[in-house]
Amino acid sequence: MKKSLLKTICILLLPALLLSGCWQEDPLEEESPVHPDQTPLTAEEKPPAVILPEQFSLPYAPEQTLDPITCADGMQQVISSLLCESLFRLGPDFQPQAWLCERYTCEGNKYTLTLRDGVTFSDGSPLTAKDVKATLDRARNSQRYGARLSGVTRISSGSGTVTITLSSPNSAFPALLDIPIVKAGTERGIPTGTGPYLFSAESTGDCLIANQSWWQGAAQPIDRIALVEASDQNTMLYRFTSHDVQLVTADLTGSDPITTTGSFVFLDVNTTIFQYIGCNVTREPLDNAVLRRALWSGMDRQQLVSSLLSGHGAAAQFPVSPASPLYPRQLEEPDGAVSLAAGGVTVEEPLILLVNEENHFKVSMARQIAAGFTSGGIPVDINVLPWEEYTAALNAGNFDLYYGEVRLTADWNLSALLGSSGSLNYGRWKDPQTDQLLADFAADHTAAAQALYDHLRRHAPILPVCFKSTSTLVQAGVLEGLVSTAAEPFYNLTNCAVHLQPASP
């Protein structure tokens with residue numbers, strides 16, 4: 001499901017904007033809520049006039065690194081995405097597109113990547129296999145990329161090629177290689193990359209200037225992007241609301257809600273952040289697949305996303321984003337089609353659904369889901385816990401159901417969540433057939449996806465709910481034609497137009 005429509009918000013108060021990126025690779029990342037007050041304008045009211053800026057500006061923290069492997073989440077990563085590019089890019093549908101890698105071959109567990117000819121860093125030096133190896137070696141040991149590269153056992157560089165050996169087959173491994181490449185030796189300062197812009201420290205202030213030797217040979221929409229100091233979230237918020245900067249990233253259903261004002265547009269961005277109900281299959285009556293299947297079918301996911309997440313997400317019956325071509329629409333069932341009392345299953349004592357208290361959006365979702373299950377004949381109560389108690393209960397297996405969230409990788413690997421020895425398999429689902437299907441899926445996504453998802457639908461060890469969206473917020477009237485992805489807010493940079501105040505004569 002593509003979400004490429006920019007929506008204008010012309011209001012004076014918007015609670016619950018989390019002005020920070022949501023890019024970290026935390027395996028079970030918990031966030032928070034509060035709905036935007038999007039009161040429509042009356043016929044007598046007019047939207048605020050659009051006042052274009054004199055220059056296009058982004059916020060950044062000059063005391064923090066811009067190295068894409070180690071920099072802070074949020075705007076530092078936005079800037080680094082303009083400086084550095086990756087071997088593969090992920091489009092809005094999460095399909096990998098060859099970028100700095102021109103082509104590759106796969107033999108069993110070994111990938112050989114051939115680098116694109118003629119690519120240079122912004123300082124004019126050529127991109128080499130040694131630079132790629134150095135970046136990937138650092139990424140393997142980083143907090144951001146370490147988990148996704150845990151299956152890599154060896155990386156070697158040749159003449160224009162990089163060979164990566166995996167511990168087991170993964171037919172979708174290129175989807176994990178959207179890791180920005182940095183010229184070796186520039187990691188500790190301002191990173192040198194192959195991207196459309198390069199960093200410049202000018203007397204008038206730090207900025208990004210168009211890379212005239214960019215290998216793409218395409219024109220950037222603007223020659224200079226000013227960098228405005230915003231070392232903390234409150235300062236960044238002030239810079240955005242006062243139009244000192246024109247773009248920030250946001251999680252509109254995240255934690256630590258804040259308030260901002262002004263006229264801006266937002267673009268929802270597909271993510272791999274998966275929300276679901278986990279089942280403790282070792283406890284009666286949830287050890288019964290008939291009951292779990294009834295619960296799977298007993299949620300109105302579209303209504304939940306629309307009403308409780310304000311549409312900032314995509315309802316999903318399977319643990320793969322509906323934006324992905326792997327999503328099995330042919331297996332979908334109408335939400336709520338199966339009676340929760342079907343199959344002769346009765347529940348005498350209410351099931352307990354855990355949810356962490358730090359995220360009000362999740363608490364609201366859990367309450368609504370529990371109410372729906374209860375009205376359908378299966379009584380469910382919720383238990384709202386602080387994060388530490390919530391995670392302790394999951395690890396100890398002290399629950400019937402829990403509202404969970406996990407950032408999946410773009411190869412849609414579910415081994416941690418549903419494998420017999422998975423680190424996030426809190427429901428204790430141990431099924432040899434699932435393990436085999438997960439292995440088959442890793443070896444050949446196209447051939448094995450439907451069998452895996454159909455098996456999960458029939459046995460329902462987890463109950464998928466949705467995939468969250470994050471957002472790119474832009475001052476109204478400034479950027480035209482923008483398409484964003486989770487890793488690249490300026491995904492379609494060369495097709496964008498930037499509108500500024502006309503230069504004085």
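A quick note: this is a predicted structure, and the numbers were derived from the prediction, not measured.
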So, does [X] use its side chain to make a donor-acceptor pair with the main chain of [Y] at under 3.5 Å?
X	Y	answer
S484	P489	yes
R293	A460	no
H445	S171	no
D411	A175	no
N356	W387	no
N492	V483	yes
Y327	Q317	yes
K468	G313	no
R89	Q97	no
N211	L198	no

**Item:** Reference residue Y426; test side chain to side chain contact (heavy atoms under 4.5 Å, CB included); the match among L417, T391, L394, I462
**Value:** L394
Working to the nearest 0.5 Å, report the span between [atom1] of [X] and [atom2] of [Y].
X	Y	atom1	atom2	answer
L482	T472	CG	OG1	6.0 Å
D435	D440	CG	CG	11.0 Å
R103	L115	CZ	CG	10.0 Å
N109	S168	CG	OG	6.5 Å

**Request:** Examine the side chains of D93 and Q95 and answer whether a donor and an acceptor come within less than 3.5 Å of each other.
**Result:** no
**Item:** Distance-only side-chain donor-acceptor flag, W215 / E85, under 3.5 Å
**Value:** yes
Is there side-chain contact between [X] and [Y], with heavy atoms separated by less than 4.5 Å?
X	Y	result
N280	D400	no
Q303	Q368	no
S157	V132	no
V248	M236	yes
R148	I179	yes
H459	V281	no
V162	L87	no

**Asked** For the ring pair Y197 and F490, is the centre-to-centre distance below 6.0 Å?
**Response** no
**Centroid-centroid distance, Y276 to F467, less than 6.0 Å** = no
**Item:** Qualifying residue for ring-ring contact (aromatic ring centres under 6.0 Å, His included) with W412, from F274, F441, F94, F318
**Value:** F94
**Prompt:** What class does the angle between the rings of W429 and H455 fall in, given that below 30° is parallel, 30 to 60° is tilted and above 60° is perpendicular?
**Reply:** tilted
**Prompt:** Sequence neighbours excluded, which residues qualify as side-chain contact (heavy atoms from CB on, under 4.5 Å) partners of A184?
**Reply:** D131, A134, E187
**Request:** Return yes when atom CD of E107 has more than 12 non-hydrogen atoms of other residues, nucleotides or ligands closer than 6.0 Å, and no otherwise.
**Result:** no
